[in-house]
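Remarks on the structure that follows.
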There are 2 protein chains.
Amino acid sequence: MRLDVYFGYQQLIPADVAGRVVAVIDVLRASTTIAAALANGARAVVPFLTSDEAVAQSKQLGRADVLLAGEQKMLPIPGFDLGNSPGEFSPEKVAGKTVLLTTTNGSGAVLAAQGARDIVVASYVNFSAVSAMLRTAVRSGTDVLILCSGHERRFTLEDAGCAGRYVRAIQKGLNGVATNDGATACALIDRKYGENIAKLLQNSQHGQALISAGFGDDLALCAGLDSFAVVPVYSDRQIVTLGT
Amino acid sequence: MRLDVYFGYQQLIPADVAGRVVAVIDVLRASTTIAAALANGARAVVPFLTSDEAVAQSKQLGRADVLLAGEQKMLPIPGFDLGNSPGEFSPEKVAGKTVLLTTTNGSGAVLAAQGARDIVVASYVNFSAVSAMLRTAVRSGTDVLILCSGHERRFTLEDAGCAGRYVRAIQKGLNGVATNDGATACALIDRKYGENIAKLLQNSQHGQALISAGFGDDLALCAGLDSFAVVPVYSDRQIVTLGT
């Protein structure tokens, strides 16, 4: 079995994902927001690369059961119902709704992973639920790829640290799991920060940018280990909770 | 001033390198081989992406003062004078010669960095010489980019660890040097392995592949801190020693 971590999705080719379970990580903030939305009762989250695509889709679906959400350069999109702060996705707002989510990096990574055996959305907030699923996959002989979305084509510390936590949990007590250099590096980063996930997020460039833009509260939510026991799976162009 | 580390050169755009000093790292083995060749008296090293291009160039130059060197999938290229093992580039072989070097990742990274203010080739074997030059650049207000070549589009532990050593040396005692998340992660990796560079190389995927292919001795050479006090600079389509 293989357990690999890749940084960035832009160069992913079909052979990278074929036959694998792919876990997409965008800790700040898309992965966290998706977990929050589904845990709080959203029927589905549909990822889009651009707000225009999301708006067009919302018109097709009818607006009653649909929420437009997302960000452009961290900020909420004018005319949308919600931004990309996980705290906005409360049960009152999202229960029973389909969330059309526009984010740059997280959506791009999910869409790039199409063709994988399964695609799950991973973060700190649903760590135990998703790592159990990935561990089961590896134990049954399926290769796992953890795909760090990164930010604007570049490596991000928060995605790498989160990936490292998954790597360490999946490997624990299992022999014969081959890993790549990306997985080795991520495990080092997770070991370094240990339980201080908040510090890891604060030390990251994107964390700093969010703090500067007034979204500092989001970091605490994104660092909330196991806040939401959901396994979000992407299938048939939407992300739903596994088992529902 | 900025001090950034990027992983992979495939997505580099001109704006990433403009006005910067770019240090290209391909520890296993191109960066090391280039330093060895120049330290041992080669007049220049000319990087090529393919053996066909190198052969065509050798015919133009006349074979007397030219050596064809390089690798394809780690192995020497049939008909070439030298492979890509740094130990082959002895003074007896290379003094006064122009080396036409075909390697996949290192050559690609050097060529991708074209347009930078300066391009230097960095490794462990010429660490002190190159880090002094980069530190001077940062102190004088020039942004530095360390470009890890990686392997077949992917992150490699050995390039990241070596980059981390440079990051730590350049930053030491300087205030106000902004770094990216890549630099932060690389510094962590270097701190973890400390002086045990040989172990870092042995733990890397490409190091393992080289050992399996019979090039285990190359790892010791590539781990040889400061074996060669040269600063290889790329200019006018060839790599020469700075100050000659």
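In what follows, chains carry the letters A, B, and so on, assigned in the order in which the sequence lines appear, proteins first and then strands, with residues in each chain numbered from 1. Since this is a predicted model, take the numbers as computed values, not measurements.
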Proximal component of B:D4, with respect to chain A [non-hydrogen, under 4.5 Å]: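 Contact with chain A: none, neither part.
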
A:Y124 six-ring face occupied by A:R165 cation (under 6.0 Å, within 45°):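 Verdict for A:Y124: no cation-pi partner in A:R165.
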
Is the number of heavy atoms from other residues, nucleotides or ligands under 6.0 Å of A:N196 CG greater than 12?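 Count over threshold, so yes.
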
Does a side-chain N-to-carboxylate-O contact under 4.0 Å join B:E88 and B:R29?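 Looking at B:E88 and B:R29, the cut-off is not met.
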
Ion pair B:R154/A:D181, N-O distance below 4.0 Å: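 Between A:D181 and B:R154 there is no salt bridge, as every charged N stays at least 4.0 Å from the carboxylate O atoms.
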
Can you name the residues that form a side-chain hydrogen bond (donor to acceptor under 3.5 Å, both in side chains) with A:S31, not counting sequence neighbours?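 A:S31: no side-chain hydrogen bond (donor to acceptor under 3.5 Å, both in side chains) contacts found.
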
Angle between ring planes, B:F155 versus B:F7, binned at 30° and 60°: parallel, tilted or perpendicular?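 It falls in the perpendicular class, over 60°.
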
Tell me the residues of residues 10-17 of chain B whose non-hydrogen atoms fall below 4.5 Å from those of chain A, in number order.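 The list, in residue order, reads B:Q10, B:Q11, B:L12, B:I13, B:D16.
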
